[in-house]
Peer 1: 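Could you have a look at this structure, given as structure tokens, before my questions?
Remember, it's 1-based here, ligands and their atoms both numbered in the order they're listed. Treat the numbers as computed from the prediction; the structure is a model and nothing was measured. Each residue takes its place number in the sequence, starting with 1.
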Amino acid sequence: MSIVTVQLGQCGNQIGHEVFCCLCSDICGSHGLCSKKENQSYQDACKERFFWEEQSGVPVARAVLVDMEPKVISQTLSMAARSGCWKYNNQSHFCQKQGSGNNWANGYSVHGPRHKESIMDLVQREAERCDRLGGFFTIMSMAGGTGSGLGAFVTQCLRDAFPASFILNHVIWPYGTGEVIVQNYNSVLTLSHLYRSSDALLVHENDVIHKICAQLMNIKQISFRDVNQVIAHQLGSVFQPVHPAEGGSNYSRNPLGDLMEALVPHPEFKMLGLRNIPQIPENSLPYSTFSWPGLIKHLRQMLIANAQMEEGIDWQVRPPPPGSSTPSSHSTKKPLHFNTSIANLVILRGKDVHSVDLGSFQDPSLYTSWLKPQDAFNAWRTPRAFNKYEKSASLVSNSQFLLKPLDSVVGKAWNMFASKAYIHQYTKFGIEEEDFLDSFTTLEQVISSYTTL
Ligand SMILES: Nc1nc2c(ncn2[C@@H]2O[C@H](COP(=O)(O)OP(=O)(O)OP(=O)(O)O)[C@@H](O)[C@H]2O)c(=O)[nH]1
């Protein structure tokens, strides 16, 4: 099945480009020790998912590019064309002359309705190009005006136009220090609206990825390009083909459906986080060796101690003894020590994957009491190495990982709202105080649900 990617705003378009680069370089690159046949079916499955083929044989991304200003889209199109490995369809983008000025209301209430028809026509055309459509993957930031506001609007339109298709929204959480003064308003409005129409939200925090670039990748002057490459690597490690069930020999035909089935057992809980190990500079790869038990031990501790990378993990955090409630479960004010999960999916790629023991992820104390570990945990594997890593492990989790940042964004937005700061910039585009209050209520409910896991 194929996935249509919708890239929105500066951030969405820049990340989308890196994602397709990563997918393409992975399928063209080394495949480790897997068989030729395995490698061929991996490549075929990746192409079916993310690309269609021009007569010339060049893969064309199944993507629609949307922005309200032309610069980033034209750069993105030409960088892809120059790569020689893949390209975007030249007819599959929509832009205007002026951005949304970091105003969510402008993106959602003005640009959205005004350009709905043109954007949805492009989406429809990409969807029709798929033999079998598996769903949509949107990429956007929460802090600007176009990705966030127009992105929320487009997601609603996708839900209405394709009620049976899966929608996964990838959202970029802004830097805590923030470049955009109203980023907390924009974030609250984006998240609350996406929560109504999306099947799941996959979140990357810019601060976290920045730290990975500095501490794991040893990059000195970190650019968005560096950050986006790490994000793309992590996304690729989830979306590249993989055998879904224990011992299955076919690549999953329904990537988004399988992901939702594994990770979203209840519609109240749809926040997904992603961790991936190892992550090291490319030039160190030939000199590094990793053992599966070591990687799995780190990945599990990263999960329960809510660490986003393998450096600086708190090894003191332990699961609560059976029968006790977790110390974090009744108040977001207490420090969150143990990160309780609803569902986890571990994806292993590379050498000897079939011998890896994942029993430590089946421990019932990792999960909320209303789910059995066998329903809450899934493992997918492929012997095909990913993106030059001989071994690589990813964890997608639906857990309390986002409680603290979510609580902080909602708290800051609420303080601004209480003093009515900048509200007029939203009401002038038709977003009323009532709409803000509805959004706060939606997110307070999300916080409360995750807190009481
Ligand atoms: N990771 C990452 N974050 C980005 C990138 N570009 C912008 N951001 C973040 O996105 C937010 C700003 O959103 P943009 O995508 O620039 O804005 P936009 O959606 O184009 O909206 P307007 O500029 O209002 O039209 C800030 O939080 C930035 O940190 C990028 O390439 N990568």
Side-chain angles (χ1 to χ4, degrees), residues 6-22 64-76 79-80 93-112 114-115 119 138-155 169-191 193-194 202-214 217 219 221-235 274 308 405 408-409 412-413 422 425-426 429 431:
V6 185
Q7 310 181 169
L8 295 129
Q10 171 183 316
C11 178
N13 279 294
Q14 289 177 169
I15 292 180
H17 170 257
E18 291 302 336
V19 171
F20 286 107
C21 283
C22 170
V64 176
L65 291 70
V66 181
D67 202 356
M68 288 301 109
E69 47 196 336
K71 196 174 120 206
V72 172
I73 290 201
S74 65
Q75 281 171 350
T76 308
M79 276 194 299
H93 60 89
F94 179 84
C95 58
Q96 291 289 293
K97 295 220 157 44
Q98 207 175 7
S100 308
N102 292 323
N103 187 326
W104 190 90
N106 194 4
Y108 183 83
S109 305
V110 181
H111 289 142
R114 191 177 288 162
H115 305 303
I119 296 170
T138 73
I139 312 180
M140 61 182 90
S141 79
M142 301 199 301
T146 300
S148 68
L150 182 62
F153 182 86
V154 167
T155 304
N169 291 85
H170 179 258
V171 281
I172 287 292
W173 204 272
Y175 286 104
T177 49
E179 315 99 288
V180 178
I181 187 118
V182 286
Q183 67 181 31
N184 296 309
Y185 278 166
N186 293 343
S187 299
V188 162
L189 291 162
T190 308
L191 289 173
H193 281 74
L194 291 183
L202 181 55
V203 176
H204 268 116
E205 295 168 76
N206 265 349
D207 284 312
V208 169
I209 306 299
H210 201 91
K211 232 164 126 182
I212 292 178
C213 287
M217 311 304 280
I219 302 171
Q221 299 230 312
I222 298 162
S223 65
F224 270 141
R225 182 127 199 254
D226 299 318
V227 169
N228 295 346
Q229 283 176 349
V230 171
I231 293 172
H233 176 82
Q234 294 203 351
L235 290 173
L274 173 51
Q308 301 289 338
S408 157
V409 161
K412 286 182 193 161
Y422 301 103
Q425 296 198 356
Y426 291 75
F429 291 123
I431 294 297

Peer 1: State the atoms of ligand 1, each with its element, that fall below the 4.0 Å cut-off from a heavy-atom position in Gly99.
Peer 2: 25 (O)

Peer 1: Is any side-chain heavy atom of Leu235 closer than 4.5 Å to one of His170?
Peer 2: yes

Peer 1: Looking only at atom types and distance, does a side-chain atom of Ser223 sit under 3.5 Å from a main-chain N or O of Asp226, one as donor and one as acceptor?
Peer 2: yes

Peer 1: Would you mind checking which non-hydrogen protein atom is closest to atom 1 (N) of ligand 1, with the distance to 0.1 Å?
Peer 2: Asn206 OD1, 2.8 Å

Peer 1: If the cut-off is 4.0 Å to any non-hydrogen atom of Pro174, which atoms of ligand 1 fall inside it?
Peer 2: 27 (O)

Peer 1: Closest non-hydrogen protein atom to atom 25 (O) of ligand 1, residue and atom name please, with distance?
Peer 2: Thr146 OG1, 2.6 Å

Peer 1: Which atoms of ligand 1 are found less than 4.0 Å from any heavy atom of Ser100?
Peer 2: 22 (P), 24 (O), 25 (O)

Peer 1: Does some side-chain heavy atom of Val154 sit less than 4.5 Å from a side-chain heavy atom of Val66?
Peer 2: no

Peer 1: Where do Asn13 and Thr76 land on the side-chain hydrogen bond (donor to acceptor under 3.5 Å, both in side chains) test, with the steps shown first?
Peer 2: CA-CA 7 Å; Asn13 279 294; Thr76 308; 5.2 Å; no

Peer 1: Any donor and acceptor pair, going by atom type alone, linking the side chain of Ser74 with main-chain N or O of Lys71 inside 3.5 Å?
Peer 2: yes

Peer 1: On a heavy-atom basis, I'd like to know which of Gly149, Gly147, Gly144 is closest to atom 19 (O) of ligand 1.
Peer 2: Gly147

Peer 1: Considering only non-hydrogen protein atoms, determine which one is nearest to atom 28 (C) of ligand 1 and report residue, atom name and distance to 0.1 Å.
Peer 2: Glu179 OE2, 3.1 Å

Peer 1: What protein heavy atom is closest to atom 13 (O) of ligand 1, reported as residue, atom name and distance in Å?
Peer 2: Ser141 OG, 2.9 Å

Peer 1: Going by the closest heavy atom to atom 31 (O) of ligand 1, which one wins out of Gln10, Gln14, His210?
Peer 2: Gln14

Peer 1: How about Tyr108 and His193: are their ring centroids closer than 6.0 Å?
Peer 2: yes

Peer 1: Got a donor-acceptor contact below 3.5 angstrom from the Asn186 side chain to the Ala143 backbone?
Peer 2: yes

Peer 1: Within the 4.0 Å heavy-atom shell around Asn228, which atoms of ligand 1 are there?
Peer 2: 1 (N), 2 (C), 30 (C), 31 (O), 32 (N)

Peer 1: I need the atoms of ligand 1 closer than 4.0 Å to a non-hydrogen atom of Gly9, numbered in the order shown.
Peer 2: 19 (O), 20 (O)

Peer 1: Do Lys97 and Glu69 sit within salt-bridge range, that is, some charged N less than 4.0 Å from a carboxylate O?
Peer 2: no

Peer 1: Identify the closest protein heavy atom to atom 15 (O) of ligand 1: which residue and atom is it, and at what distance?
Peer 2: Cys11 N, 2.9 Å

Peer 1: Under 6.0 Å between ring centres, would you say that holds for Tyr422 and Tyr185?
Peer 2: no

Peer 1: Is the contact between Val227 and ligand 1 made by the side chain, the backbone, both, or neither, using heavy atoms and a 4.0 Å cut-off?
Peer 2: side chain

Peer 1: Relative to the heavy atoms of Gly145, which atoms of ligand 1 are at a distance of less than 4.0 Å?
Peer 2: 21 (O), 22 (P), 24 (O)

Peer 1: Identify, for atom 23 (O) of ligand 1, the protein heavy atom at the shortest distance, and state residue, atom and that distance.
Peer 2: Asn102 OD1, 3.9 Å

Peer 1: How long is the gap from CD1 on Ile431 to CG on Leu189, to the nearest 0.5 Å?
Peer 2: 6.5 Å

